[in-house]
Amino acid sequence: MSAVTTTEAAVTVAPAKDTPQVRRRRRLSPGRRLPAARLAGPVLLLALWAAASAAGQLDPAAIPAPWTVVRTGAHLWTDGTLPTDILTSLQRAATGFAIGLVAGVLLALASGLSRTGEALIDGTVSLNRAIPTLGLIPLFILWLGIGETFKVAIIAIVVYIPIYLNTHAALSGIDNRFVELAEVQGLSRFAFVRQIVIPGALPGFFVGLRLGVTGSWLGLVVLEQINATSGLGYMMFQAQNYGQSDVILVGLVVYGVFGLVSDSAVRLVERKVLSWRRTLSS
C-alpha cells in the first residue's frame with residue numbers, strides 16, 4: 001500500500017519539474033523622468049564653485065566667488081547697464097534667429113520636395129557649411145558695414161545651416177511607402193505636405209531648431225565684441241580691458257541662462273507637438 005502511495009506521489013510531483021519558470025523582465029529603459037533634472041548639473045557646478053571659493057582654492061582675481069558675481073550683477077542691474085545690454089543682445093539674437101529659421105525651413109522644403117531644388121540648393125548649403133561662418137565676418141563688414149546688419153546676417157547664417165541640414169535629412173528619410181500610399185489615396189499636394197511631410201520632418205526640424213538656438217547665442221557673443229557699442233559681448237570686452245573678471249562672469253552667466261532657458265523652451269514645445277511618439281525621452 002505504501003509503495004502504491006509513493007508511486008502516485010512521484011507521478012503527481014513529476015509534472016511540476018517540467019513547468020517553465022517565469023523569468024523576470026529586465027528593465028532597459030532609463031526610467032521615469034526626474035523633476036527639474038536638467039538643473040542638477042548646473043546646481044552641482046555652482047556648489048563646487050562656491051565650496052572651492054570658500055576654501056580659498058580659487059584666485060579671486062581670476063575666478064571671483066559666486067556671491068561676488070551676484071553683487072556685481074545686482075550693481076550693473078541697478079545702474080541700468082545690464083538691462084540695456086541684455087535688451088540689445090536679445091534684439092540681435094531674435095532678429096537673426098527669425099531670419100535663419102525662415103530661410104532654413106524654406107530651403108529645406110524646396111530641396112527635400114523637389115529634385116531640381118535639391119540640385120540647386122543642397123550643394124550650395126553644403127559648401128556654405130564647409131566655410132567657417134565666423135570667417136565670413138571680414139567680408140560681411142566690407143559688404144554691409146560695421147553696423148547691426150552684418151551682425152544679424154552672420155547670426156542668421158549660423159542658425160539656418162543646422163535647421164536646413166536636419167530638416168532636409170528628416171524629409172529625405174520619410175518612408176517612400178507613405179508617399180505611395182498618398183498617391184494611391186489621391187491626396188492633393190497640400191494634403192500630402194500636411195499629413196505626410198510635416199509629421200515626418202518635425203523630429204529632425206526640432207533637432208535643428210535646438211542647434212540653431214544655441215548657435216545664435218554662440219555667434220552673438222563673438223559678434224558683440226567687434227566694434228559694438230552695446231550688448232553683453234561689448235560689456236565683457238570692456239571688462240577685459242579693465243581686468244574686471246567679475247563683470248565677465250556676469251555676462252557669461254547671463255548667456256548661459258538664456259541658452260538654457262531657450263533650449264528648455266524648445267524641448268517643451270517639442271514634447272507637446274510630438275506627444276504622439278513613444279520614445280526614451282518621453
**Q** For Phe140, I'd like to know if atom CZ has over 12 heavy atoms of other residues, nucleotides or ligands within 6.0 Å.
**A**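 More than 12 within 6.0 Å, yes.
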**Q** What is the minimum heavy-atom distance between Ala110 and Ile121, and which atoms define it?
**A** CB-CD1, 3.8 Å
**Q** Are the aromatic rings of Phe150 and Trp143 close, with centres under 6.0 Å apart?
**A** no
**Q** When rounded to the nearest 0.5 angstrom, what is the spacing between CD1 in Ile163 and CG in Leu107?
**A**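 Atom-to-atom, Ile163:CD1 and Leu107:CG are 11.0 Å apart.
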**Q** Locate the shortest heavy-atom distance separating Ser53 from Leu58; write the atom from each residue and the value.
**A** OG-CD1, 3.6 Å
**Q** So, for Leu171 and Gly112, which heavy atoms are closest and what is the spacing to 0.1 Å?
**A** CD1-CA, 4.1 Å
**Q** Between Lys151 and Glu224, does any side-chain N to carboxylate O distance fall below 4.0 Å?
**A**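 Looking at Lys151 and Glu224, the cut-off is not met.
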**Q** Search all heavy atoms of Ser245 against all heavy atoms of Ala61 and return the closest pair with its distance.
**A** OG-O, 2.9 Å
**Q** Working to the nearest 0.5 Å, report the span between CZ of Phe97 and CH2 of Trp217.
**A**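 Rounded to the nearest 0.5 Å, the CZ-CH2 separation comes to 10.5 Å.
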**Q** Please check if the side chain of Thr214 supplies one atom and the backbone of Arg210 the other of a donor-acceptor pair under 3.5 Å.
**A**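 Checked: pair present.
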**Q** Can you measure from CG (Asp122) to CZ (Arg129) and round to the nearest 0.5 angstrom?
**A**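 One gets 9.0 Å once the value is rounded to the nearest 0.5 Å.
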**Q** Before accepting this row, confirm whether a basic side-chain N of the pair Arg177/Glu180 lies closer than 4.0 Å to the acidic partner's carboxylate O.
**A**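 Salt bridge flag = no for Glu180 with Arg177.
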**Q** Look at the side-chain heavy atoms of Ile, Leu, Val, Met, Phe, Trp and Tyr, link any pair under 4.5 Å apart, and say whether Leu109 and Leu187 land in one connected group.
**A** no
**Q** Would a distance-only check, ignoring hydrogens and angles, find a side-chain to backbone donor-acceptor pair under 3.5 Å from Ser172 to His168?
**A** yes
**Q** On a heavy-atom basis, which atom in Phe205 and which in Thr167 lie closest, and how many Å separate them?
**A**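 Closest approach of Phe205 to Thr167: CA-OG1, 3.5 Å.
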**Q** First locate atom CG of Leu144, then atom CD1 of Ile154, and finally report the distance between them rounded to the nearest 0.5 Å.
**A**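 The distance works out to 8.5 Å.
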**Q** Where do Ala50 and Trp67 come nearest, in terms of heavy atoms and distance?
**A**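 Closest pair (atom of Ala50, atom of Trp67, distance): O-CH2, 3.8 Å.
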**Q** Are Tyr234 and Thr88 close enough that a side-chain donor and a side-chain acceptor fall under 3.5 Å?
**A** no
**Q** Measure from the side-chain N and O atoms of Thr72 to the backbone N and O of Val247, and report whether any donor-acceptor pair falls under 3.5 Å.
**A** no
**Q** Any chance OH of Tyr255 has more than 12 other-residue heavy atoms, nucleotides or ligands included, within less than 6.0 Å?
**A** yes
**Q** Just verifying a value: how many Å separate Gln238 CD and Gln244 CD, rounded to the nearest 0.5 Å?
**A**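 Between atom CD of Gln238 and atom CD of Gln244 there are 9.5 Å.
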**Q** Per the side-chain contact (heavy atoms from CB on, under 4.5 Å) rule, which among Ile155, Val159, Ile157, Leu218 passes with Thr133?
**A** Ile157
